[in-house]
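Written below as structure tokens is the structure these notes are about.
Chain letters run A, B, ... following the sequence lines, proteins first, then strands; residues in each count from 1. In this text the structure is predicted, and so the values were computed from the model without any measurement.
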Amino acid sequence: MRRGLLYALLGLASLITVVPLLYMLSLSLQTEAETLSADAVLVPASPQWGNYAELFRRAPFGDFIVNSLVVAGAITLAHLVFDPLVGYVFAKFRFPLRNTLFVALLATLMVPFFVRMIPLYVLMANVGWLNTYQGLITPFLMDAFGIFLMRQFIQPIPDDLISAARIDGASELRIYRSVILPQTRPALAVLGLFTFVFQWNEFLWPLVATSTPEMRTIPVGLTLFNQEYFTLWHLTAAGSVILFVPTAVLFVLTQRYFVRGIALTGLK
Amino acid sequence: MRRLLRPGTLQGRYARTAYLFLLPAILFFAAFFYLPIGNVVATGFRTGPMADQWTGLGNYTQALADPAVRHSFLVTAGFSVIVVIGSIVLGLALALAIDQPLKGRVVFRVVLLVPYLTSVAIVGLLWRNILDPELGVLNRVLLALGLPAQQWLNTAPLLTIAAVTLWQSVGYTMVLFLAGLQGIPETYHEAAKIDGADAWRRFWRITLPLLAPTTLFVSVMAVISGLQAFGQAYIITGGGPGDATDLSVFHIFNVAFRTRDFGYSSAQSVLLLIVIVAFTLVQLRAGRRSEVTY
């Protein structure tokens, strides 16, 4: 009885989650007439795979995909290079102003993106980086969250390992690369997945910092496509599916890492 | 050994290494966080189409008296309250359910977390299509079933976009609560059971107080993300109908990039930042005081 109630609750919540997403897939395969028909079409009579090709003809969707991959990929790579390095320094080194710098770093966690949006726009306009990859990528090269995550992960690594490597004459960079980095792999996986997914989905900055369709990322390109062709819901849905599938596949394959990552951020 | 650990030379060398490793980060955070924050504050004191005329607190007094700014702040506050309460109630309910030894709980967890990892563009466009009063599929289904059509985006727009936001984020709060629940030692519940406490009593006396740090974290995160919501207004409602869903960041975006008033929009950004920081600090403080240990 109680068990049945729990299943009902979770089943209902799952249905509310899944049905709209399935409808999105169905919509992407309908004819334009079906998307507007008075009796709602939930399963298209014959799946219109041509909608996807039509989308690429109406908008530079190939560019959107390349832009999203380049921007999210470059930012993820930068995080994987810098976040563990900075986290390592704060975890294992003693140096003047260490605490001050660490507090200054953590304070940036309280600064939401909209605060940086206007000055970054002016800065990018001044250096001519609006509507370029550099302009889309550089504001997100590192963040305090990723650095903090890596610091927490590196802290428990025994100092003896580092001392031993120093006595063996390893250079500091070598110690970092050969002693520290290999031990952080699970954390790097979490960091890389989160960074990629969030950048893939990022909306506000690409909206502000791009001005031509050819430079837009998928979320922005798709939204502006929808504003322009607001009756062509089957094509908007096809674009949504393209935007959705990579993160959904990545997530289902690695959901343990995601769940662990979220739990890590919730526990201090 | 003793010679190797001698202070001065070695510590100096470690400090140099530390700073060398930190250099890219120091440059990055200076150029892309602290410089922009300084600039947004400085621009907030200026006015004019190039934001180059000093106006002191002019933008701030104007913003505090501007009915549109006040309205958009109230809209944002209302939106945030709904999102916070919904995140806690729904997230906790789902976490309590999924914490039971049920078959298929991993599947439920994966399914409920999927929307959190999708773009606000997908979520916004999808729900706008579903809820559209004229062409929306929901109304076509309701009518086919002989039920009255809905007009939620017109009759309760703020509640509706808050619900859509919860649809996207509740899996995330569920996972946070789940981690919190799994941190509560089984022995407390067993001891209470032996003492004859029923499930309801155990929930109020054990689970909820020990979950306080998680609840606090969830509410801080929900307030912060609620106060800076943008896509919901930009994509689903366009701030409307009228200005019913003119969320603050959407309002700031329009003042900055449609009206092109960088001074006024910067001052409004600073005001919203102050609210967010104040809220975060107060919540963290209150949280520290109310923490319990058994």
Should A/Arg3 and B/Gln100 count as side-chain neighbours, where that means a heavy-atom distance under 4.5 Å?
no
Could you tell me which portion of A/Asp83 (side chain, backbone, both or neither) has an atom closer than 4.5 angstrom to a non-hydrogen atom of chain B?
neither
Kindly determine whether B/Ile235 and A/Asn226 satisfy side-chain contact (heavy atoms from CB on, under 4.5 Å), including the steps that lead there.
CA-CA 9 Å; B/Ile235 298 167; A/Asn226 176 263; over 6 Å; no
Looking at A/Phe198, A/Tyr121, A/Phe113, A/Trp200, which has the largest count of heavy-atom pairs under 4.5 Å with chain B?
A/Tyr121
Answer with side chain, backbone, both or neither: which region of B/Thr280 has an atom nearer than 4.5 Å to a non-hydrogen atom of chain A?
side chain
What part of A/Ala104 gets closer than 4.5 Å to chain B, counting heavy atoms only: side chain, backbone, both or neither?
both
Residue pair B/Leu22, A/Val86: steps toward the side-chain contact (heavy atoms from CB on, under 4.5 Å) verdict
CA-CA 6 Å; B/Leu22 280 185; A/Val86 179; 3.7 Å; yes
Taking the inter-plane angle between the rings of B/Phe21 and A/Phe93 on a 0 to 90° scale, is it parallel (under 30°), tilted (30 to 60°) or perpendicular (over 60°)?
perpendicular
Would the number of heavy atoms belonging to other residues, nucleotides or ligands and lying under 6.0 Å from CZ of B/Phe279 be above 12?
no
Atom CZ of residue position A/Arg177 - does it have more than 12 heavy atoms of other residues, nucleotides or ligands inside 6.0 Å?
no
Go through A/Glu202, A/Arg256, A/Arg98, A/Glu172 and name the one with the most non-hydrogen pairs under 4.5 angstrom from chain B.
A/Glu172
Minimum heavy-atom distance between A/Ser240 and B/Ile122, given as atom pair plus value
O-CD1, 3.6 Å
Is A/Thr108 close to chain B through its backbone or its side chain, or both, or neither, when contacts mean heavy atoms under 4.5 Å?
both
Taking side chain as everything from C-beta outward and backbone as N, CA, C, O, which of these in A/Ile175 sits under 4.5 Å from a heavy atom of chain B? Side chain, backbone, both or neither.
neither
Quick check for you: among A/Ala144, A/Ala248, A/Gly239, A/Pro96, which has the greatest number of heavy-atom pairs under 4.5 Å with chain B?
A/Pro96
Which region of A/Thr236, side chain (C-beta onward) or backbone (N, CA, C, O), has a non-hydrogen atom less than 4.5 Å from a non-hydrogen atom of chain B, or is it both or neither?
side chain
Aromatic ring proximity, centroids under 6.0 angstrom, B/Tyr234 and A/Phe203:
yes
Minimum side-chain heavy-atom gap B/Phe257-A/Leu207 below 4.5 Å
no
Heavy-atom closest contact (B/Leu112 atom, A/Ser14 atom, distance):
CD2-N, 4.0 Å
Here's a test for you: under side-chain contact (heavy atoms from CB on, under 4.5 Å), which of B/Leu35, B/Val40, B/Val41 qualifies with A/Pro119?
B/Val40
Pick from A/Pro219, A/Pro20, A/Ala13, A/Gly11: which one has the most heavy-atom pairs with chain B under 4.5 Å?
A/Pro20
Taking A/Tyr7 for the side chain and B/Lys103 for the main chain, is one N or O donor matched with an acceptor at less than 3.5 Å?
yes
Would you indicate whether A/Tyr229, at its atom OH, is surrounded by more than 12 heavy atoms from other residues, nucleotides or ligands within a distance under 6.0 Å?
yes
Quick one: are A/Val259 and B/Val110 in side-chain contact, heavy atoms under 4.5 Å?
no
Of all of A/Lys92, A/Arg94, A/Gln227, which one pairs up most often with chain B through heavy atoms under 4.5 Å apart?
A/Gln227
Can you tell me how far CE of A/Met117 sits from CD of B/Gln228, rounded to the nearest 0.5 angstrom?
11.0 Å
With chain B as the partner, which of A/Ile16, A/Leu9, A/Leu10 has the greatest number of non-hydrogen pairs under 4.5 Å?
A/Leu10
Okay, A/Thr35 and chain B: the region with an atom under 4.5 Å from a heavy atom over there is backbone
Closest non-hydrogen contact found for B/Thr118 with A/Asn201 is C-ND2, 3.5 Å
To the nearest 0.5 angstrom, please state how far the OG atom of B/Ser248 sits from the CZ atom of A/Phe114.
8.0 Å
Determine, using ring centers only, whether B/Tyr14 and A/Phe95 are less than 6.0 Å apart.
no
B/Leu113 side, atom CG; A/Thr17 side, atom OG1 - distance, nearest 0.5 Å
10.0 Å
Min side-chain heavy-atom separation A/Val115-B/Val270 under 4.5 Å
no
Given that the side chain runs from C-beta out, which part of B/Ile98 has a heavy atom under 4.5 Å from chain A: side chain, backbone, both or neither?
both
Taking atom CZ of B/Phe33 as the centre, does the number of heavy atoms from other residues, nucleotides or ligands within less than 6.0 Å exceed 12?
yes
Against chain A, label B/Val106 side chain, backbone, both or neither, depending on which of its atoms sit under 4.5 Å from a heavy atom there.
side chain
Engaged part of B/Ile130 at the chain A interface, taking heavy atoms whose separation is under 4.5 Å
side chain
Region of B/Ala25 in contact with chain A, defined by heavy-atom distances below 4.5 Å
both
Less than 4.5 Å apart, any side-chain heavy atom of B/Tyr19 and any of A/Leu101?
yes
When rounded to the nearest 0.5 angstrom, what distance separates CE in A/Met110 from CD1 in B/Ile276?
11.0 Å
Is the shortest side-chain heavy-atom distance between B/Arg128 and A/Trp233 below 4.5 Å?
yes
Euclidean distance, B/Asn39 CG relative to A/Leu120 CG, rounded to 0.5 Å:
9.0 Å
Heavy-atom pairs under 4.5 Å with chain A, option from B/Gly124, B/Ser266, B/Ala18, B/Ala42 with the top count:
B/Ala18
Where is the tightest heavy-atom contact between A/Glu34 and B/Arg140, given as atom of each residue plus distance?
O-NH1, 3.8 Å
Are the aromatic rings of B/Phe32 and A/Phe140 close, with centres under 6.0 Å apart?
no
Rounded to the nearest 0.5 Å, what's the gap from OG on B/Ser119 to CG on A/Leu243? Could you check?
5.0 Å
For A/Leu250, which atoms come within 4.5 Å of any heavy atom of chain B: side chain, backbone, both, or neither?
neither
Side chain / backbone / both / neither for A/Leu21 at chain B, heavy atoms under 4.5 Å:
both
Need one label for A/Val122: side chain, backbone, both or neither, based on atoms under 4.5 Å from any heavy atom in chain B.
side chain
Region of B/Tyr34 in contact with chain A, defined by heavy-atom distances below 4.5 Å
side chain
Atom group of B/Leu272 that falls short of 4.5 Å from chain A, counting heavy atoms
both
